Amino acid sequence: MGNALSAFGLGFTVPYLYVYVAQVRGLGAMTAGLVLAVFAVAALVVLPFAGRAIVRRGPLPVLLAALVTAALGALSLGIASSAAAVLVSASLLGAGQAVMQPALATMIVDCSSAETRSRAFAMQFFLQNLGLGVGGLIGGHLVDTTSAASFTLLFAIEAAMFLLLVVVMVTVRMPHAPKIEVAPKASGRGSWKQLLGNRAMVQLCVLGFVLFFACYGQFESGLSAYGVEAAGISTSALGTALAANTLMIVVAQFAVLRFVERRRRSRVIAAVGLIWAVAWAVAGYAGLGHGSQEMATAAFVSTYALFGLGEAMLSPTVAPLVADLAPEGMAGQYNSAFALVKQLALAVGPAVGGPLGASLHAPYIVAFLVFSLGITVLAVRLGRQLTDVQDQPWLGKSRVVARGGAPVSADV
């Protein structure tokens, strides 16, 4: 419920931020670009501290603080008229949004067992995409680029969603979360050192960076630029492709879950790399082939659908693995670290992919096809670092020992 509400609020405004700042408020393209950059910078600043706060205070208080911060950011963004006010508001919204992710993920870990965790994260991902899609659809009908008041209403509704989530969350009675038994007063530096000493977690972070860089980091930057410039895709077809991605996730999520939940996690991630390699090959045909425009458009839409299939396979796989690698009581720290890796990839991905996709079409496709195959190689290597129960959680309910970390309770 919390994930759906937060995603609904974000889907309401995020697609229209650039238009709002650059055109409606008349602050220009540079300020609009800075606003988008501020989101990434704010996340990178707060996430290293968020994990420690979640470990020490628990995920619920941290989530409530993040929601109030995001609500204030959304409200102030809706009435901001100067560049400085817009940037400060965006930093509040970006920071709050970034901290919500690991806090909600840690709550899911605390509320689930090793046997139910994959299904819980699959449900989370399903509701996130459903919320984003519905929010974007409704927001698109409320937007009027000639009226600043319509955007003020949009941001006010987003703030209301965050505050509604505060009300929902304060009614939640969380199960007892385990506390760190060893060195409870360990410094933030010590907890990061412990995390970096977990070889499996470090390898998973490297793999996660490539996953987000080669997929999510390209959706609205390099791949869309490639589609427009190389394949001649219209803006309406680009919207159809994005819709196909969401539709694939919503339709296939639970069918895919049945397929992956009894298979090795490392093999599932490796299979995603192969599926995404096929997606990039199809994208190559769309822009570099010599078929008709209809065929190019169909191929481009299929690329986004194949990415959605891979995403549906990852959602019940990667997040539960992060939780199972975390020592007792450290799930918040590990979730925040992985969220930080994701934000880094989402910041670097568009910066690298955008120029490549717009101008160097063949090298762009080849490079990201290689990245996708690299996902498969990294996943196979990661599998060698995992215990049998980490890679195949259905094998038993006994305690899981994370290589490079402390024992982990199966119900953490």
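All residue numbers in this chain count up from 1 along the given sequence. All values reported here derive from a predicted model rather than from experimental measurement.
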Nearest 0.5 angstrom please: L325 CG to L204 CG, how far?
6.0 Å

What residues form a side chain to side chain contact (heavy atoms under 4.5 Å, CB included) with A319, not counting sequence neighbours?
F121

Find the distance between CD1 (I365) and OG1 (T303) and round it off to the nearest 0.5 Å.
7.5 Å

Could I get the full list of salt bridge (charged side-chain N to carboxylate O under 4.0 Å, His left out) partners for R25, not counting sequence neighbours?
none

Do F307 and W280 have ring centres separated by under 6.0 Å?
yes

Determine the minimum heavy-atom distance between A323 and V109, stating which atoms define it.
CB-CG2, 3.6 Å

Looking at residues at least two apart in the chain, or sitting in another chain, which of them share a side chain to side chain contact (heavy atoms under 4.5 Å, CB included) with A120?
I108, S112

Within 6.0 Å of CZ in F49, more than 12 heavy atoms from elsewhere
no

Sub-4.5 Å side-chain heavy-atom contact between P327 and Y334:
yes

Looking at residues at least two apart in the chain, or sitting in another chain, which of them share a ring pair (Phe, Tyr, Trp, His ring centres under 6.0 Å) with F300?
Y304

Ignoring hydrogens and geometry, is there a side-chain-to-backbone donor-acceptor pair from T31 to G28 under 3.5 Å?
no

Pairing of D391 and R264 as salt bridge, 4.0 angstrom limit:
yes

So do Q194 and N198 actually touch side chain to side chain, heavy atoms under 4.5 Å?
no

Just so I know, are the side chains of M313 and L257 near enough to count as touching, which here means a heavy-atom distance under 4.5 Å?
no

Modelled atom types, side-chain donor and acceptor of S315 and Q124, under 3.5 Å
no

From the options L369, V370, V377, select the one residue that forms a side chain to side chain contact (heavy atoms under 4.5 Å, CB included) with L373.
L369

Among residues at least two apart in sequence or on other chains, which ones pass side chain to side chain contact (heavy atoms under 4.5 Å, CB included) with V41?
V45

Shortest non-hydrogen contact between A379 and A270, atoms and distance
CB-N, 3.5 Å

If you look at every heavy atom in P316 and P320, which pair is closest and at what distance?
O-CG, 3.4 Å

E229 side, atom CD; S224 side, atom OG - distance, nearest 0.5 Å
10.0 Å

Steps toward side-chain contact (heavy atoms from CB on, under 4.5 Å) verdict (Q101, Q343):
CA-CA 11 Å; Q101 298 175 21; Q343 288 296 329; 4.1 Å; yes

Got L382 and L378 here, is their nearest side-chain heavy-atom distance under 4.5 Å?
no

Heavy-atom distance under 4.5 Å between the side chains of Q390 and Q385, does that happen here?
no

Which value, rounded to the nearest 0.5 Å, describes the distance between M201 atom CE and L207 atom CG?
11.0 Å

Residue pair V172, M169: steps toward the side-chain contact (heavy atoms from CB on, under 4.5 Å) verdict:
CA-CA 5 Å; V172 173; M169 288 295 103; 4.1 Å; yes

Nearest 0.5 Å please: distance from the CG atom of L93 over to the CZ atom of F39.
4.0 Å

For a quick test of your reading: what N or O donor-acceptor pairs under 3.5 Å do the side chains of residues 59-83 make, sequence neighbours left out?
{"from": "T69", "atom 1": "OG1", "to": "A65", "atom 2": "O", "distance (Å)": "2.8"}
{"from": "S76", "atom 1": "OG", "to": "L72", "atom 2": "O", "distance (Å)": "2.9"}
{"from": "S76", "atom 1": "OG", "to": "G73", "atom 2": "O", "distance (Å)": "3.1"}
{"from": "S76", "atom 1": "OG", "to": "S89", "atom 2": "OG", "distance (Å)": "2.8"}
{"from": "S82", "atom 1": "OG", "to": "A85", "atom 2": "N", "distance (Å)": "3.2"}

With a 3.5 Å distance limit and no angle check, can you tell me whether R263 reaches the backbone of F259 through a side-chain donor-acceptor pair?
yes

Option passing side chain to side chain contact (heavy atoms under 4.5 Å, CB included) with F368 (candidates W276, F213, Y226):
F213

Using only atom types and a distance under 3.5 Å, with no angle test, would you say the side chain of Q218 pairs donor to acceptor with the backbone of G349?
yes

Any side-chain donor-acceptor pair under 3.5 Å between T106 and N335?
yes

Using the rule given for side-chain contact (heavy atoms from CB on, under 4.5 Å), can you reason through R117 versus D324, listing the C-alpha separation, both sets of side-chain angles and the distance that settles it, and then say yes or no?
CA-CA 10 Å; R117 194 162 295 138; D324 287 347; 2.8 Å; yes

Evaluate side-chain contact (heavy atoms from CB on, under 4.5 Å) for L127 paired with M123, printing each intermediate quantity in order.
CA-CA 6 Å; L127 290 174; M123 177 64 77; 4.0 Å; yes

Which heavy atom of V167 sits nearest to which heavy atom of V170, and what is that distance?
O-CG2, 3.1 Å

Just how far is it from atom CZ of R56 to atom CD1 of I54, taken to the nearest 0.5 Å?
13.5 Å

Between the main-chain N or O of A312 and the side-chain N or O of Q253, is there a donor-acceptor pair closer than 3.5 Å?
yes

Do E311 and Y216 meet the criterion of a side-chain donor-acceptor pair at a distance under 3.5 Å?
yes

Note: S91 and A42 closest approach over all heavy atoms is O-CB, 3.6 Å

